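For reference, the structure is listed below as structure tokens.
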Amino acid sequence: MNLRDRKRSSEIDPDVDSEVIVAGWVQTIRKKGKIAFILLRDRAGIVQITAMKNEMGEESYNALTKVQRESVLAVRGKVQKSEYVKRGFEILPEEWAVLNGADAPLPMGVVDKVNVELDTRLDNRFLDLRREEVLSVFALKSMMLSAIRSSLEGSGFVEVQTPKILKSGAEGGATLFQLDYFGEKAYLAQSPQLFKQILMSSGLERVYEIAPAFRAELSDTTRHLSEFTSLDFELSFIKSQDDVMDVVEDMLDTAIKAAMENGQHQLKTLGIDLKAPKRPYPRITFEEAKAMLEERGKKVEDDLDTEGEKILGNIMEEKVYDAYFVVEYPEAEKPFYIMEKNGTPWSYSFDLEFRGQELASGGQREHRPDVLEERMRKKGLNPADFEFYLKAFRYGMPPHGGVGIGVERLVQKALGLDNVREATLFPRDRFRLVP
RNA sequence: GCCCCGAUGGUGUAGCGGCCUAUCAUCCAGGCCUGUCGAGCCUGGGACACGGAUUCAAAUUCCGUUCGGGGCGCCA
């Protein structure tokens with residue numbers, strides 16, 4: 001039996017194939033005396049192997065029907081049309097081999113009729129991913145990222161990689177993981193922010209990066225991870241932050257439409273009726289948002305809290321807007337690299353909100369070195385610590401802006417998942433470092 | 001970092017001081033069945049997180065440890 005000749009379950013055509021080799025995981029064996037039905041699963045689907053004692057001989061039949069669930073099994077056999085089987089055909093085994101047996105009992109059931117808690121699932125992610133609905137999330141994530149890449153490439157963005165081991169962080173250092181770098185203190189990058197901006201000075205004009213970001217926040221919520229995938233981009237020669245939001249909107253729209261188009265099967269598996277958010281995404285100023293919330297009796301101080309975010313999400317949902325921008329936050333709430341709206345307490349910043357949750361944060365950057373240094377001091381930072389960054393601003397830095405988007409949050413919200421960990425293969429959080 | 005809550009077979013649970021040699025389902029093992037498809041039926045197997053305390057008696061109450069769950073803050 002040569003496995004190179006194996007057919008994936010979805011490729012078998014009973015009108016054409018008379019004999020096939022299939023291989024996959026044994027999902028269930030329904031033994032019924034002298035006949036047994038084995039459901040063999042591969043990534044593409046499931047085929048039924050029908051084993052008959054009188055055809056195969058007692059010894060082979062007994063051995064085959066004793067194989068443990070989730071073992072890897074290869075079968076060569078006749079393809080036979082059958083009205084008994086849902087797919088219209090079955091495979092009558094002529095030769096079979098267990099490529100790798102599974103221990104029993106399984107640490108968690110793949111098709112058992114009992115719930116499994118997320119924690120148990122994550123401890124046994126390899127088994128969890130054997131479930132079609134779990135795998136579907138990651139197939140859809142891949143489709144969305146692929147669409148985002150083409151969308152950005154089509155708009156003239158260049159993909160870049162920036163260092164994840166840094167001497168200093170983007171905003172000081174409170175949320176950084178510290179590590180030992182040949183005897184010197186170093187940190188894991190919480191964002192590619194400073195490097196994206198340095199690249200604006202290089203003349204690349206438009207760059208994007210899809211890479212991990214690390215946050216040592218002691219957060220323990222359904223929307224935080226210690227390591228997440230950050231989709232960042234930065235573009236030069238913008239007139240205002242509206243130019244950045246335009247790209248974000250196009251990108252999100254493309255990503256969701258790609259999932260709708262290419263992921264129909266997966267969406268059906270998950271039972272999700274995915275719809276692209278209504279465009280254009282409204283752009284509400286912070287002050288307007290504050291007024292809308294206060295109208296509902298919700299006090300707003302300097303920033304939107306989680307409750308405020310959710311209420312605003314509900315208000316916008318009533319107007320059939322799933323996605324919207326909140327723009328011009330108080331500059332005091334925003335990092336040093338954001339441009340102030342001169343003469344006002346506001347800033348040229350925006351958050352992308354999706355059904356009441358922050359998905360992305362961006363804005364126009366301060367590109368004038370003297371103003372930038374002043375802002376750093378205002379935020380309690382020492383410009384001398386950021387010399388490698390400030391240097392790039394002194395020899396020709398174009399006006400620019402950009403954004404950082406949480407990829408797992410995007411997938412979580414788009415697919416309506418309860419927990420961001422569901423959108424992460426091997427999540428890292430405050431309590432989880434393994435697997 | 002703060003506030004709540006929880007830990008019972010491999011998995012998911014019932015239990016709320018003595019009626020627990022601990023319930024049910026799933027699972028595993030064995031048996032019956034040649035058309036199953038959440039197969040069915042019969043028999044059997046397997047657990048009170050750890051350490052201490054209270055009590056005649058602790059799965060059950062109390063304290064600590066470890067590990068989880070939800071929320072807040074912070075953020076993507």
Side-chain angles (χ1 to χ4, degrees), chain A residues 27-39 46-56 61 65-66 68-70 80 82-87 90 92 102-124 127-128 170-171 174-175 190-193 210-232 248 301 303-310 333-335 351-354 357-362 403-413 418-421 423-424 429-432 434:
Chain A
Q27 183 158 299
T28 57
I29 298 180
R30 280 193 286 274
K31 209 173 162 182
K32 229 181 118 23
K34 295 188 178 106
I35 187 169
F37 308 99
I38 299 165
L39 297 187
I46 290 169
V47 281
Q48 178 172 300
I49 314 293
T50 304
M52 283 177 270
K53 198 183 221 168
N54 295 344
E55 300 289 320
M56 313 174 60
Y61 176 85
T65 54
K66 260 187 197 142
Q68 289 294 338
R69 298 192 305 165
E70 296 302 322
Q80 185 174 79
S82 166
E83 288 178 11
Y84 293 119
V85 190
K86 279 175 184 165
R87 284 191 63 187
E90 61 195 340
L92 307 176
D103 285 352
L106 299 164
M108 61 169 276
V110 175
V111 290
D112 292 2
K113 292 137 242 160
V114 288
N115 290 329
V116 186
E117 289 195 349
L118 182 59
D119 204 51
T120 306
R121 291 174 46 207
L122 293 175
D123 282 339
N124 302 283
L127 273 175
D128 187 42
E171 282 143 76
T175 61
Q190 58 164 204
S191 147
Q193 184 61 33
I210 299 173
F214 307 91
R215 302 278 166 96
E217 291 155 357
L218 292 171
S219 301
D220 187 18
T221 76
T222 54
R223 59 187 185 283
H224 285 88
L225 295 166
S226 305
E227 176 180 347
F228 67 96
T229 310
S230 185
L231 162 60
D232 273 88
V248 173
E301 301 289 330
D303 202 354
L304 295 181
D305 57 20
T306 306
E307 192 193 9
E309 244 186 315
K310 282 178 187 161
E333 300 299 316
K334 286 291 166 182
D351 280 3
L352 171 67
E353 298 276 334
F354 196 77
Q357 184 172 306
E358 183 177 343
L359 222 62
S361 187
V403 72
I405 298 164
V407 172
E408 286 78 16
R409 279 194 184 177
L410 168 64
V411 174
Q412 180 200 354
K413 292 310 276 188
D418 291 335
N419 198 311
V420 72
R421 292 167 182 81
T424 315
D429 61 37
R430 192 170 156 194
F431 301 108
R432 182 175 287 278
V434 175

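Predicted model, so just to flag it, every value in this text is computed and none were measured. So you know, we letter chains A, B, ... as the sequences are listed, proteins then strands, and number each from 1.
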What about [X], does its side chain sit under 3.5 Å from the base of [N] through a donor-acceptor pair?
X	N	value
A:Arg223	B:A76	no
A:Glu217	B:G73	no
A:Gln48	B:U36	yes
A:Arg409	B:C75	yes

Would you indicate what [X] reaches in the nucleic acid, counting non-hydrogen atoms under 4.0 angstrom: base, sugar-phosphate, or nothing?
X	result
A:Val85	base
A:Lys66	sugar-phosphate
A:Gly109	nothing
A:Asp112	base
A:Glu309	base
A:Thr222	sugar-phosphate
A:Asp305	sugar-phosphate

Would you measure the distance from the [atom1] atom in [N] across to the matching atom in [M] and give it in whole Å?
N	M	atom1	answer
B:U26	B:A47	C1'	15 Å
B:C67	B:U8	C1'	15 Å
B:C27	B:C20	C1'	23 Å
B:C2	B:A59	P	33 Å
B:G12	B:U66	C1'	22 Å
B:A14	B:G52	P	28 Å
B:G46	B:G38	P	31 Å
B:A25	B:G1	P	44 Å

Name the pairing partner of [N], where a pair is Watson-Crick or G-U wobble with both distances under 3.5 Å, or state none.
N	result
B:U61	B:A53
B:C33	none
B:U13	none
B:G45	B:C27
B:G38	none
B:G73	none
B:C67	B:G6

Check the phosphate of [N] against [X], side-chain N and O only, distance under 4.0 Å to OP1 or OP2. Yes or no?
X	N	answer
A:Lys310	B:C72	yes
A:Lys31	B:C41	no
A:Thr221	B:C72	no
A:Gln68	B:A29	yes
A:Arg30	B:G38	no

Practice task
Please tell me which of A:Leu39 and A:Leu106 maps to the more 5' nucleotide of RNA chain B, matching each residue to the nucleotide holding its nearest heavy atom.
Solution key: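 This one resolves to A:Leu106.
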Exercise for the section: Assign each of A:Thr120 and A:Leu359 to its nearest nucleotide of RNA chain B by heavy atoms, then name whichever residue's nucleotide is nearer the 5' end. Expected result: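 Nearest-nucleotide comparison on RNA chain B picks A:Thr120.
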Exercise for the section: Could you tell me which non-hydrogen atom of A:Pro212 sits nearest to which non-hydrogen atom of A:Glu227, and how far apart they are? Expected result: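 The answer is CB-OE2, 3.8 Å.
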Practice task
Quick one: closest heavy-atom pair of A:Leu92 and A:Thr50, and the distance?
Solution key: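 Minimum heavy-atom separation between A:Leu92 and A:Thr50: CD2-O, 3.7 Å.
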Problem - Electrostatic pair A:Lys334:A:Asp351 at N-O distance under 4.0 angstrom - result: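 Looking at A:Asp351 together with A:Lys334, the answer is yes, because their closest N to O distance falls below 4.0 Å.
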Exercise for the section: For the pair A:Arg432 and A:Asp123, find out whether any cationic side-chain nitrogen is under 4.0 Å from an anionic carboxylate oxygen. Expected result: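 Looking at A:Arg432 and A:Asp123, the cut-off is met.
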Problem - A:Arg409 side chain to A:Glu358 backbone, donor-acceptor under 3.5 Å - result: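 Answer holds: yes.
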Length of the [atom1]-[atom2] vector between [X] and [N], whole Å:
X	N	atom1	atom2	result
A:Leu92	B:G35	CG	P	15 Å
A:Glu117	B:G6	CD	C1'	10 Å
A:Lys32	B:G38	NZ	C1'	16 Å
A:Arg430	B:G69	CZ	C1'	13 Å
A:Leu225	B:C75	CG	P	17 Å
A:Ile35	B:C37	CD1	C1'	12 Å
A:Asp128	B:U11	CG	C1'	13 Å
A:Phe431	B:G6	CZ	P	17 Å

Exercise for the section: Return the stacking result for B:G35 and A:Phe37: yes when the ring centres lie under 5.5 Å apart and the planes under 30°, no otherwise. Expected result: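 So no, this residue does not stack on that base, at least one cut-off failing.
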Practice task
For residues A:Ser230 and A:Gln190, determine if any side-chain heavy atom of one lies less than 4.5 Å from a side-chain heavy atom of the other.
Solution key: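 No, too far: nothing below the 4.5 Å cut-off.
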Options [options], nucleotide nearest the side-chain atoms of [X]:
X	options	value
A:Asn54	B:U34, B:C37, B:C72	B:U34
A:Arg69	B:A76, B:C28, B:G68	B:C28
A:Asp119	B:G71, B:G68, B:G12	B:G68
A:Pro105	B:C75, B:C27, B:U36	B:C27
A:Ser361	B:U11, B:C74, B:A76	B:A76

Practice task
Report the distance from atom OG1 of A:Thr221 to atom CG of A:Asp429, rounding to the nearest 0.5 Å.
Solution key: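 A:Thr221 OG1 to A:Asp429 CG: 9.5 Å, rounded to 0.5 Å.
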Practice task
Let me see the working for A:Arg421 and A:Leu225 under side-chain contact (heavy atoms from CB on, under 4.5 Å), right down to the final yes or no.
Solution key: CA-CA 8 Å; A:Arg421 292 167 182 81; A:Leu225 295 166; 4.0 Å; yes
Practice task
Answer yes or no: does atom CG of A:Asn115 have more than 12 heavy-atom neighbours from other residues, nucleotides or ligands under 6.0 Å?
Solution key: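 No, because the 6.0 Å sphere around CG of A:Asn115 holds 12 heavy atoms or fewer from other groups.
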